[in-house]
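Here the structure is a predicted model, which is why all the values come from computation and not from measurement.
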Amino acid sequence: MSDEFYLELSENPVQFENASSVNNVFFDEANKQVFAVRSGGATGVVVKGPDDKSSVAFRMDDKGEVKCIKFSLGNKILAVQRTTKSVVLPDKRTLKLLKSQSINVNWYMYCPETAVLLLSTTVQGNVLQPFAFKSATMSKMSKFEIELPAVPKPAKLSLSERDIAVATIYDQLYVMYLKHHSRATNSPGAEVVLYHLPREGTCRKTHVLKLNTTGKFALNVVDNLVVVHHQSSQSSLIYDIKLRELDGALNVHQPVLPAQSINPYKIHLTGPAAAPSQAPVPCELCILTDELIRISSSLLYVLCLSGYLWYLQVKLQPTLKLLRDKGKLMDFLLRRRDCKMVILSVCSQMLTEGDKGNLSVVATVFDKLNQVYKEYLDAEQVYTAAMESGPSRSSTSYKRPVRTQAVIDQSDMYTHVLSDFTEKKGVKHKFIIAVLMEYIRSLNQFQIPVQHYLYELVIKTLVQHNLFYMLHQFLQYHVLSDSKPLACLLLSLESTYPPAHQLSLDMLKVRKLLYTHMHVHCMFLPLTADLERSMRGFVMMIILLFSNRFRSYFILWSDSQTFASINS
């Protein structure tokens, strides 16, 4: 049943004392910590985070109702707010004013990941002024205006902080505006409008997410996906802003997947009411009910009545049945965090199940994989060249490219997909060969050197099905590139296909390999006792025999020098 849901809650939630008349609960999004404050702190404050290391317990004097309480990063400084205009630091510290701004503010929002503060200004509240913080400095960014669906008369506060969220998506900062259209506009539903907020330059409206319904919503950003939760239907929608559908200057997006609820979670009862054999109780998630649940940028956390905090997670495997378009599916999977094994399973299923025989689909998938592969290889090459050039002002700006799970190299494809595919029963050999050559074609298109084991797989498949004429054509017209391992493999096929002997010699002569150091990937000949004694003392001994009508060539390779004995 759980395999049907593409959204689920983390397996091990953080548990805390639920809210009551004597216990207040607060959440700090910067540190991802839950504060349970009993009796104003006099009988204890318990702080819990995503792991046990961030748990803290302490007491403080009860000096009135606590409106907000937070730790600084690293839990070094505690700040407590009890009034609307003051913040108290229990530990006595000296504060220094570094910079100030005079501005009328309706409300504010802070993004801890990017250290950007967003202030709502003007009477209607739709002019937002961002500030960026870095190394104890504050810089004023370009202000921008949120387009309201209607302008009220007389003017009044029309933009609420509940309709605004700030999040980082694909390493870019966005301000997300939940736009409710008025009934007079006959709009099919609400929208989420994304404004791109760069560190320098003006903020622009770049994306619109069509919700196609009305009501109350909440937003999450998980694995660079915007997840929109709808209260009345208790369902969620997923959007990927990289899957673009241009509508003029804007990118308009429909949900990537059909609406679906979060996988139901069952809570095990504890305490006197729990029986040893009692089954877990299902926890029905009532999204957006303020007394129960709140939403943050990366967490779905339940406050007050239940006392649980979860991470929201995206499961990729259930999406395979929902996204039938393999090209769109690859675009979606390649941008996800834990995608490698899912992508490889898609490739295997594509070759043996419903899309079997559709080479255009296979080609599209291979090209998308190799494009990402090529981008990583190019970035690695640029980094290596910068490091080899020595320390300089430009080389210090280069960072080693991170090899994400989206990089599917030739070894991955050979091990997990192609080698098994060639052994499948019931698949036509012509289709097998076409798939192998399609993958090689895609590698060549992106100028990625083809590894010899892929050529070997093609040759073995051709030989297995007695397609020697096709093999000869591939070699003659250099569809399979010349290489030492390939020449050695051809030489070993002489007993099965005699012309392979001459083909291997021609390949070696072209590459001028007969009298050079060689890595041998072919048959080792048995050594006679006399020959073995004559070669004693060498670190490595390799014998390569080529018989060509009247001649036999013996090449002995050691770590110090190469000896060649030619017998006519």
Side-chain angles (χ1 to χ4, degrees), residues 3 6-7 169-171 207 222-227 237-246 251-258 260 313-379 401-421 424 431-432 434-448 450 454:
D3 293 338
Y6 54 76
L7 287 174
I169 308 173
Y170 292 114
D171 299 322
H207 300 273
V222 184
D223 200 5
N224 291 315
L225 295 170
V226 180
V227 185
L237 299 167
I238 281 184
Y239 298 84
D240 186 348
I241 64 173
K242 287 282 189 177
L243 298 178
R244 300 177 179 177
E245 300 174 25
L246 286 175
N251 293 292
V252 180
H253 304 268
Q254 295 292 338
V256 178
L257 302 169
Q260 196 180 86
Q313 299 172 339
V314 176
K315 293 175 62 179
L316 297 182
Q317 198 65 39
T319 66
L320 307 188
K321 297 179 180 179
L322 300 173
L323 272 176
R324 294 296 183 180
D325 185 328
K326 288 295 188 293
K328 190 174 182 179
L329 176 62
M330 279 297 141
D331 289 336
F332 177 78
L333 293 177
L334 283 167
R335 299 185 180 101
R336 308 286 75 82
R337 189 182 300 113
D338 302 317
C339 64
K340 173 167 286 189
M341 297 312 299
V342 178
I343 290 175
L344 293 172
S345 71
V346 170
C347 292
S348 297
Q349 295 171 11
M350 172 184 65
L351 299 178
T352 57
E353 296 180 358
D355 289 311
K356 184 172 63 176
N358 193 338
L359 271 181
S360 62
V361 174
V362 174
T364 299
V365 170
F366 287 165
D367 286 347
K368 289 181 181 297
L369 296 181
N370 288 328
Q371 181 178 359
V372 177
Y373 181 22
K374 175 62 174 177
E375 289 171 357
Y376 170 76
L377 293 177
D378 289 346
V402 178
R403 180 168 184 147
T404 65
Q405 289 204 18
V407 179
I408 311 292
D409 62 18
Q410 299 174 65
S411 176
D412 295 325
M413 287 295 294
Y414 177 85
T415 304
H416 298 283
V417 180
L418 298 178
S419 59
D420 291 337
F421 171 60
K424 288 286 184 182
F431 180 62
I432 293 176
V435 168
L436 295 177
M437 297 310 300
E438 193 62 47
Y439 184 63
I440 291 173
R441 188 274 316 161
S442 180
L443 292 171
N444 287 327
Q445 177 177 316
F446 288 96
Q447 299 180 335
I448 302 173
V450 181
L454 292 176

Item to complete: Classify the angle between the aromatic ring planes of Tyr439 and Phe366 as parallel (below 30°), tilted (30 to 60°) or perpendicular (above 60°).
Response: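 Tyr439 vs Phe366 ring planes: perpendicular.
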Hey, are the side chains of [X] and [Y] touching, using non-hydrogen atoms and a 4.5 Å cut-off?
| X | Y | result |
| --- | --- | --- |
| Gln260 | Leu7 | no |
| Val361 | Met350 | yes |
| Leu436 | Leu454 | no |
| Leu225 | Arg336 | yes |

Nearest 0.5 angstrom please: [X] [atom1] to [Y] [atom2], how far?
| X | Y | atom1 | atom2 | value |
| --- | --- | --- | --- | --- |
| Ile241 | His253 | CD1 | NE2 | 6.5 Å |
| Leu316 | Ile343 | CG | CD1 | 8.5 Å |
| Leu351 | Phe421 | CG | CZ | 5.0 Å |
| Asp338 | Leu333 | CG | CG | 11.5 Å |
| Leu418 | Cys347 | CG | SG | 8.5 Å |
| Ser348 | Met413 | OG | CE | 8.0 Å |

Item to complete: Applying salt bridge (Lys or Arg N to Asp or Glu O under 4.0 Å), name anything that partners Asp409, two or more places apart in sequence or on another chain.
Response: Arg403
Which atom names give the shortest non-hydrogen contact between [X] and [Y], and what distance separates them?
| X | Y | value |
| --- | --- | --- |
| Ala434 | Leu359 | CB-CD1, 3.7 Å |
| Val372 | Ala406 | CG1-O, 3.6 Å |
| Tyr376 | Pro401 | CE1-O, 4.1 Å |
| Val256 | Phe332 | CG1-CD1, 3.8 Å |
| Tyr170 | Lys242 | CE1-CG, 3.1 Å |

Worksheet entry | Listed partners of Asp331 passing side chain to side chain donor-acceptor pair (under 3.5 Å), at least two apart | Lys368
Discussion item. Show, in sequence, the C-alpha distance, side-chain angles and deciding distance for Lys424 and Asp420, and conclude whether the salt bridge (charged side-chain N to carboxylate O under 4.0 Å, His left out) test is met.
Written reply: CA-CA 7 Å; Lys424 288 286 184 182; Asp420 291 337; over 6 Å; no
Worksheet item: Asn251 side chain to His207 main-chain N or O, any donor-acceptor pair under 3.5 Å?
Response: no
Worksheet item: Under the salt bridge (charged side-chain N to carboxylate O under 4.0 Å, His left out) criterion, do Asp240 and Lys328 qualify, and how do the steps go?
Response: CA-CA 11 Å; Asp240 186 348; Lys328 190 174 182 179; over 6 Å; no
Discussion item. Among Met330, Arg441, Glu438, which residue satisfies the side-chain contact (heavy atoms from CB on, under 4.5 Å) criterion with Asp367?
Written reply: Arg441
Fill in: With Tyr373, the side-chain contact (heavy atoms from CB on, under 4.5 Å) member among Asp412, Val407, Asp378, Ile408
Val407
